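Working notes, beginning with the structure itself.
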Amino acid sequence: MKKLYFAAVFTLAIISVALAGLDIGGLISINHAPYLVIDRFILIFFWIDYVVRLTLSSNKWRFFKSNIFDLLAIVPFDSVFSMFRIVRTVRLLKLLRFVRIIGFAGRFKNNLNKFINTNGFIYLMSFAIILVLISAGIYSLAEDINYGNALWWAIVTATTVGYGDISPTSPIGRGVAIVLMFFGIGLIGTITSTVTSFFTQQQSDKFDEELNGKLDEISDRLKKIQQKLGE
């Protein structure tokens with residue numbers, strides 16, 4: 001259930017950031033349906049999520065300080081400012097979308113850092129990028145095609161998609177393909193295990209946080225009892 005919750009939070013955050021970005025770029029208008037409905041639904045979801053977590057938190061002030069970006073991401077600045085007639089230009093209104101992007105980016109900054117460092121994932125991805133770039137260069141020379149098409153082929157092969165629009169014919173090209181395919185199979189398995197480990201660690205960290213909150217509460221009660229006994 002918790003994994004489903006984290007997946008829902010992450011997905012809705014990505015959608016919200018995407019909507020804000022498209023609105024800033026002028027590709028859509030977030031103030032009109034259906035984007036307005038989606039945007040308001042996401043805001044309501046995160047408002048409920050914030051209020052519930054704040055209510056369940058044993059230390060409200062610590063929760064507030066630790067979740068500034070969460071609050072920043074869900075405040076509907078455009079509606080608030082429009083209510084007081086502060087925002088009168090569309091350009092300024094769209095600039096307020098950056099606040100939401102910053103809020104969600106800040107909210108997931110720590111989680112992103114934890115994710116890329118889980119199981120050494122950052123080193124694996126660095127190696128994967130280098131391998132794909134080098135393989136594309138070798139393939140480009142061996143098959144006599146431009147580097148752009150070779151890079152596309154290398155990515156498709158490494159991810160085990162295999163569209164078949166570009167295929168190797170030379171021995172060197174086929175050798176590079178074999179390396180990328182074996183590496184791609186291992187990469188997908190590693191990504192799966194990293195995601196599983198990350199969510200498991202998230203649950204463990206949340207449990208530790210709740211336990212520390214309970215211990216602080218017990219400590220405060222013991223201090224009050226000691227003070228009463230001293231009196």
Side-chain angles (χ1 to χ4, degrees), residues 1-25 27-28 38 42 69 73 100-208:
M1 188 65 181
K2 289 184 178 180
K3 292 182 179 180
L4 181 62
Y5 163 76
F6 284 121
V9 168
F10 183 78
T11 302
L12 291 178
I14 293 297
I15 293 174
S16 182
V17 170
L19 288 176
L22 292 173
D23 183 72
I24 293 171
L27 299 177
I28 65 171
I38 299 173
I42 293 175
F69 283 107
R100 182 175 303 176
I101 295 176
I102 294 171
F104 279 118
R107 171 173 183 169
F108 289 102
K109 179 182 177 181
N110 293 333
N111 289 335
L112 181 61
N113 289 334
K114 290 180 181 179
F115 179 77
I116 63 177
N117 287 292
T118 301
N119 296 340
F121 186 69
I122 180 65
Y123 302 108
L124 177 65
M125 290 306 300
S126 299
F127 177 76
I129 293 172
I130 294 173
L131 179 62
V132 168
L133 293 177
I134 293 176
S135 298
I138 296 174
Y139 188 86
S140 176
L141 295 175
E143 300 292 330
D144 193 23
I145 63 174
N146 65 67
Y147 187 79
N149 289 334
L151 182 61
W152 163 255
W153 169 85
I155 295 173
V156 169
T157 304
T159 55
T160 68
V161 175
Y163 282 115
D165 53 341
I166 302 175
S167 57
T169 55
S170 66
I172 296 177
R174 290 175 178 174
V176 172
I178 292 173
V179 173
L180 284 176
M181 284 186 287
F182 276 107
F183 174 78
I185 295 172
L187 178 64
I188 292 176
T190 304
I191 292 176
T192 303
S193 64
T194 300
V195 172
T196 303
S197 299
F198 172 73
F199 283 121
T200 302
Q201 185 63 40
Q202 285 289 95
Q203 294 177 16
S204 178
D205 291 343
K206 187 176 181 180
F207 174 78
D208 292 341

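Since the model is a prediction, treat every value here as computed from it, not as a measurement.
- To the nearest 0.5 Å, the span separating CG on Leu141 from OG on Ser170 amounts to 10.5 Å.
- Remark: Ile172 CD1 is loosely packed, at most 12 non-hydrogen atoms of other residues, nucleotides or ligands lying under 6.0 Å away.
- Across all non-hydrogen atoms, the minimal contact from Ser140 to Ile145 is OG-O, 2.5 Å.
- A distance of 12.0 Å separates CG in Asn149 from CD in Glu143, rounded to the nearest 0.5 Å.
- Looking at Thr157, Thr159, Ile185 one by one, the single match for side-chain contact (heavy atoms from CB on, under 4.5 Å) with Leu180 turns out to be Thr157.
- Classification of the Tyr139-Trp153 ring pair by plane angle, with boundaries at 30° and 60°, yields parallel.
- Residues Tyr147 and Leu133 are in side-chain contact: their nearest non-hydrogen atoms beyond the backbone lie under 4.5 Å apart.
- Closest of all the heavy-atom pairs between Pro168 and Gly173 is CB-C, 3.6 Å.
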